[in-house]
Amino acid sequence: MWSVKLSDDQREAISVLIKAQGESYDSDLRDALRALELARWDDLPEAQLPWERVEELAEAQGIDEADVVWDLAGGMPSKAQRPMATKRSKTPRTRV
């Protein structure tokens, strides 16, 4: 799989080249044309990760940084969660 970043003009030029093939182009070119049309909406800002935290989590868990990034992408919080303080009951517990 290839990945390239194209300007709007470059994307348009490639679309024109594909369309110039006429109806004779195959399904791969048709799929490429559709991908070019969808790519216009896929421009996202560059992602930034808290690398210090990624390294810390990887070391603490004994796993690679890539595994931590995978976990973060799955919804794991990047910041350490503070332990919740629980209220103690006023009556002491007894063992039975």
Side-chain angles (χ1 to χ4, degrees):
M1 173 183 280
W2 288 75
S3 176
V4 304
K5 189 169 188 169
L6 302 172
S7 69
D8 288 338
D9 291 337
Q10 291 169 325
R11 207 170 22 242
E12 184 62 31
I14 293 173
S15 295
V16 169
L17 286 172
I18 293 173
K19 290 175 184 175
Q21 299 296 314
E23 293 300 318
S24 64
Y25 55 83
D26 62 5
S27 64
D28 290 338
L29 285 178
R30 196 170 19 259
D31 291 343
L33 185 61
R34 180 72 179 135
L36 285 170
E37 292 170 5
L38 292 174
R40 188 174 317 255
W41 305 106
D42 287 343
D43 292 337
L44 299 173
E46 295 295 323
Q48 294 188 11
L49 290 172
W51 285 110
E52 297 82 22
R53 181 71 177 142
V54 168
E55 291 170 351
E56 178 185 319
L57 289 169
E59 186 176 325
Q61 298 177 49
I63 59 176
D64 292 333
E65 286 87 359
D67 293 325
V68 173
V69 171
W70 180 264
D71 291 341
L72 290 171
M76 183 180 87
S78 62
K79 296 186 180 184
Q81 293 183 353
R82 295 175 44 198
M84 294 180 58
T86 58
K87 274 190 168 178
R88 296 186 176 238
S89 68
K90 293 183 180 181
T91 57
R93 293 184 183 181
T94 58
R95 289 193 171 187
V96 179

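This structure is a prediction, so every number in the text was calculated from the model and none was measured. Throughout, residue positions are numbered sequentially from 1 according to the sequence presented.
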Euclidean distance, [Y] [atom2] relative to [X] [atom1], rounded to 0.5 Å:
| X | Y | atom1 | atom2 | value |
| --- | --- | --- | --- | --- |
| Ile63 | Asp71 | CD1 | CG | 5.5 Å |
| Gln21 | Arg30 | CD | CZ | 12.5 Å |
| Glu12 | Leu17 | CD | CG | 10.5 Å |
| Asp31 | Leu38 | CG | CG | 10.5 Å |

Query raised in the report: Would one find more than 12 heavy atoms of other residues, nucleotides or ligands at under 6.0 Å from atom CD of Glu65?
Result: yes

Query raised in the report: Do Val68 and Trp70 share a hydrophobic cluster (ILVMFWY, side-chain heavy atoms under 4.5 Å, transitive)?
Result: no

Query raised in the report: Taking only residues two or more places apart in sequence, or in another chain, which ones meet Trp51 in a side chain to side chain contact (heavy atoms under 4.5 Å, CB included)?
Result: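 By the side chain to side chain contact (heavy atoms under 4.5 Å, CB included) rule, Trp51 matches Leu49, Val54, Val69.
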
Query raised in the report: With sequence neighbours left out, what residues match Leu36 under side chain to side chain contact (heavy atoms under 4.5 Å, CB included)?
Result: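 Side chain to side chain contact (heavy atoms under 4.5 Å, CB included) list for Leu36, sorted by chain: Leu6, Arg11, Ile14, Ser15, Ile18.
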
Requested in this report: Using side chain to side chain donor-acceptor pair (under 3.5 Å) as the criterion, list what pairs up with Gln10, not counting sequence neighbours.
Outcome: Ser7

